[in-house]
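This report refers to the structure that appears directly beneath it.
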Amino acid sequence: MNRKIAEILLQAVEHDFTLIEIETLLEKPKYEQLGDVAFPCFTLAKKFKKSPNVIAEGIGSNINDPFIQKVQVVGGYINLFVNKLEITKEVLGEITLVKETYGQKQGNNENIVIDFSSPNIAKPFSMGHLRSTVIGNALANIAEKNGYEVIRVNHLGDWGTQFGKLIVAYRLWGKKEQVEAAPIEELLKLYVKFHDEAEIHEELNDQARAAFKALEENEQSALELWNWFKHASLQEFMQIYDQLNIRFDAYEGEAFYNDKMQAIVDELKDKQLLTQSDGANVVLLEDMPPCLITKQDGATLYATRDLAAAFYRQANYKPSKIFYVVGNEQTLHFKQVFNVIEKMGYSWSKNLQHVPFGMMLKDGKKMSTRKGRVILLKDVLKEAVETASKNIEEKNPSLRNKQEIAEQVGIGAVIFNDLKNYRLNDIEFSLQQMLNFEGETGPYVQYTHARICSILKKVQLTLNEEVTVKELEESAWGIVLLLQQYPQVISDSLEQADPSIVAKYVLQLARVFNKYYAHTKILVEDEKLESRLVLCFAVATVLKDGMRLLGVQSPENM
RNA sequence: GUCUCCAUAGCUCAGCUGGAUAGAGCACACGCCUUCUAAGCGUGCGGUCGUAGGUUCGAAUCCUACUGGGGACGCCA
């Protein structure tokens, strides 16, 4: 639509501007009654040395196109009212035709690797991990919608000194039966105990480092323990992923790169990038602290593994982009890793992008496993589903498959709550807010969708190219405009790597529709009935698809 | 100490490539179901956009300083 308007304006301006220049100047009027599209003339005023108003008047009087219904010049703005029927026909017609593929971009034959979720083995899956998981999953869906081939990678935290600690702790205090009964819980206890004891007995830390070194050197008994811990943890994680309806293409955790790091270290050495520093090997970088590659004892570090991972992904997936959906607090780490790759002379380092996000806070502070300031995702999901169940009993007791719907609503509420805010903001954990299903929430959007579905079920609506769209009520115009913006929202959210753009859009669409629904009877036999039904179908389709991108299901009844 | 992110209504947030009267939701008060699901809709209440400067015809939006808060800063991940 904006493109069309820019073309019309280009004719009217009578000076050399490019289409793009004009199109980017276009904005949405702040108030609906002002018009559909506004063209501000302030920048032109500077160029032509005339007052914005005079210019606006001049251009305004030049506009003459059937697409534009009315032109109004107000305070330096040219406000345009478009031909509503044209747009309505175009937008609703397209959605009727292509349905849920509305907004889908053509395949671009480019791969994008998204590294997300990546929980630490032997630690509980907390609310803190939810963020990476749901943001990454949403970005993956959004990237697909934008025409990319997506590879979802779970970079499990299954390697590192922490396992040395765990092995030492288990050998000292662990009981086999207890760990078997409740793996993560028991291992966490051991981990906490280790830290408490290490405060007094510092030699424990040395033992842990040695144990990890042994692990890296494939020492049998250490390896067995590690394997056991890993599989037990993974089983618990899988349950959560099932509940969230999230799948990965690869579980290539840190350990996966164990045999791929030496090559990196050798290459760094060959390229003379390694510097000895207090017995450790580091790569010196400009404008930031050096990047540690190996420790004094020769064991590797997090950065080493991330380097190996980047090379592996580059070679195997040939991605045009790699997203690292990892918390804010690791910004420096990724800057260092990306920089090292650049120093090694690989231009693909510019395809690596850290997608940071704010932390989940508890009482204004970071959650900490060791300090017991941790909330388990499992528990929160359970409560959310229970709350949804209660709501169903209260509001719609005759609903069939209650349990299934309660899952969809409760879990949807938790996911949506996380995704609706700007990615980089910290989120204060609030169960109360998460379990509130009114207002700007997932259930609100789901409810809107479900209500439309029950209308559509009551009638026979055959959707084909023959549907006749007539001019709708004035109050439906805002809905059509929003529907028209969906494809743009899809590309914006990938460009900003921010799912909240989709979440906000879906909320707005639901809100505008609910307003319409409250004031307009849809099932009335008149000449506009079919048009209203097509509108309803279009809204339901876009709501459902938008929610799908966020990883939230849209039940037809609730 | 250095770097970095943040500060908008009682609370949670939107708006930020500068533009027209600062927007939602929650909470609170009141109103709307003999009509398509009231998880909804409406009305009211509520803001010196952290402070002080600067750039500009115009600043919540850009720049600087300050204040307050989060986070990161070599052998953890």
Side-chain angles (χ1 to χ4, degrees), chain A residues 24 27 29-31 34 38 40 42-43 45-46 51-52 74-77 79 118 120 123 157 159-162 164-165 205 208-209 212 254 277-282 287-297 299-303 305-306 326-333 335-336 356 358-359 361 364-366 388 391-392 394-396 399 409 413 417 420-422 424-428 430 432-433 436-448 450-459 500 504 507-508 510-511 514-524 532 536 557-558:
Chain A
T24 50
E27 42 184 271
K30 207 153 192 176
Y31 304 93
L34 287 173
F42 305 98
T43 42
K46 208 166 262 179
S51 93
V74 187
Y77 285 91
N79 291 327
S118 312
N120 290 327
K123 287 201 192 156
W159 207 243
T161 311
Q162 50 169 337
K165 292 176 181 176
N205 283 317
R209 274 190 281 271
F212 175 57
E254 294 182 49
S277 170
D278 297 328
N281 280 308
V282 305
D287 304 318
M288 65 187 93
C291 182
L292 264 86
I293 304 296
T294 56
K295 300 197 264 192
Q296 282 178 343
D297 62 5
T300 61
L301 284 143
Y302 183 44
R305 267 158 258 144
D306 262 342
V326 182
N328 239 338
E329 65 272 22
Q330 289 189 31
T331 301
L332 177 61
H333 162 75
K335 254 167 95 176
Q336 291 175 316
M359 284 177 301
L361 303 175
K365 293 251 169 61
K366 189 179 177 177
N391 274 309
I392 291 171
E394 213 173 280
K395 299 168 200 287
N396 197 357
L399 184 68
V409 173
N417 183 261
K420 75 178 178 192
N421 293 133
Y422 178 56
L424 283 160
N425 285 355
D426 288 343
I427 296 185
E428 173 68 32
S430 161
Q432 196 202 336
Q433 203 186 320
N436 178 15
F437 294 171
E438 285 163 26
E440 297 174 325
T441 66
Y444 173 86
V445 180
Q446 290 173 319
Y447 181 67
T448 310
R451 288 209 297 194
I452 299 176
C453 286
S454 52
I455 291 177
L456 294 175
K457 257 178 262 174
K458 291 199 164 104
V459 290
S500 78
K504 278 166 198 145
L507 271 176
Q508 203 189 346
R511 192 181 317 135
N514 277 330
K515 202 168 284 188
Y516 174 75
Y517 176 95
H519 301 291
T520 314
K521 176 88 178 146
I522 288 155
L523 293 176
V524 183
R532 279 194 302 270
C536 284
N557 298 291
M558 64 184 273

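Hydrogens, waters and symmetry mates play no part in the numbers below; they use all other heavy atoms, side chains included. In what follows, chains are A, B, ... by sequence order, proteins preceding strands, each numbered from 1.
A straight line from CD1 of Ile392(A) to C1' of U37(B) spans 13 Å, rounded to a whole angstrom. Asp306(A) has its CG atom 16 Å from the P atom of C76(B), to the nearest Å. Atom CG in Leu399(A) sits about 13 Å away from atom C1' in A39(B), given to the nearest Å. One can place CG of Leu523(A) at 14 Å from P of U35(B), the figure rounded to the nearest angstrom. One can place CD of Glu329(A) at 13 Å from C1' of C76(B), the figure rounded to the nearest angstrom. For Leu361(A) and G70(B), the CG to C1' distance is 7 Å, given to the nearest whole Å. Atoms CG (Asn328(A)) and P (A72(B)) sit 10 Å apart, rounded to a whole Å.
Within 4.0 Å of Ala38(A), counting heavy atoms only, lies at least one base atom of the nucleic acid. Across all strands, Met558(A) comes closer than 4.0 Å to base atoms (heavy-atom distances).
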Writing each nucleotide of RNA chain B 5' to 3' as (, ), [, ], | or . by Watson-Crick or G-U pairing under 3.5 Å yields (((((((..((((.....[...)))).(((((.......))))).....(((((..]....))))))))))))....
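One C1' atom belongs to C28(B), the other to G70(B), and the distance between them is 31 Å to the nearest Å. Taking atom P in both C5(B) and A9(B), the straight-line distance is 22 Å, to the nearest Å. The gap from the P atom of A7(B) to that of C49(B) amounts to 14 Å, rounded to the nearest Å. Across the P atoms, C26(B) and C66(B) are found 41 Å apart, a figure rounded to whole Å. Straight-line distance between the P atoms of C6(B) and A38(B): roughly 41 Å, to the nearest whole Å.
For Gln330(A) and Ala450(A), each mapped to the nucleotide of RNA chain B holding its nearest heavy atom, the one lying further toward the 5' end belongs to Ala450(A).
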N/O-N/O pairs, protein side and nucleotides 42-44 of chain B side, under 3.5 Å:
from: G42(B); atom 1: OP1; to: Lys515(A); atom 2: NZ; distance (Å): 3.4

Tabulated below should be each protein N or O lying under 3.5 Å from an N or O of nucleotides 54-64 of chain B; please produce it.
none

Under 3.5 Å, N/O pairs linking protein and nucleotides 12-17 of chain B:
from: U12(B); atom 1: O2'; to: Gln433(A); atom 2: NE2; distance (Å): 3.3
from: C13(B); atom 1: O2'; to: Asn421(A); atom 2: ND2; distance (Å): 3.2
from: A14(B); atom 1: OP1; to: Tyr422(A); atom 2: N; distance (Å): 3.4
from: A14(B); atom 1: OP1; to: Asn425(A); atom 2: ND2; distance (Å): 3.0
from: A14(B); atom 1: OP2; to: Asn425(A); atom 2: ND2; distance (Å): 3.2

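In terms of the salt bridge (Lys or Arg N to Asp or Glu O under 4.0 Å) criterion, residue partners of Arg511(A) (sequence neighbours excluded) are, by chain and number, Glu440(A). Tyr517(A) is linked by a ring-ring contact (aromatic ring centres under 6.0 Å, His included) to nothing, counting only residues two or more places apart in sequence or in another chain.
In textbook terms, a nucleotide whose glycosidic angle is within 90° of 0 is syn, and C33(B) is one such case. Applying the 90° cutoff around 0 to the glycosidic angle, G74(B) is assigned syn.
For Phe212(A) and Trp159(A), the ring centers are positioned less than 6.0 Å apart.
Closest approach to the Tyr517(A) side chain among A39(B), U37(B), C76(B) is made by U37(B) (side chain taken as heavy atoms from C-beta onward). Checked against A20(B), C75(B), C41(B), the side chain of Leu301(A) finds its nearest nucleotide in C75(B). For Leu332(A), counting side-chain heavy atoms from C-beta on, the closest listed nucleotide (G40(B), C73(B), A24(B)) is C73(B).
Under 4.0 angstrom from either OP1 or OP2 of U37(B) there lies at least one side-chain N or O belonging to Ser454(A). One finds no side-chain N or O of Tyr302(A) lying less than 4.0 angstrom from the OP1 or OP2 phosphate oxygen of A77(B).
Tyr77(A) qualifies as a stacking partner of the A20(B) base, centre to centre under 5.5 Å and near-parallel within 30°. Residue side chain Tyr31(A) meets the stacking definition with respect to U21(B): its ring centre sits within less than 5.5 angstrom of the base's six-membered ring centre, and the planes differ by less than 30 degrees.
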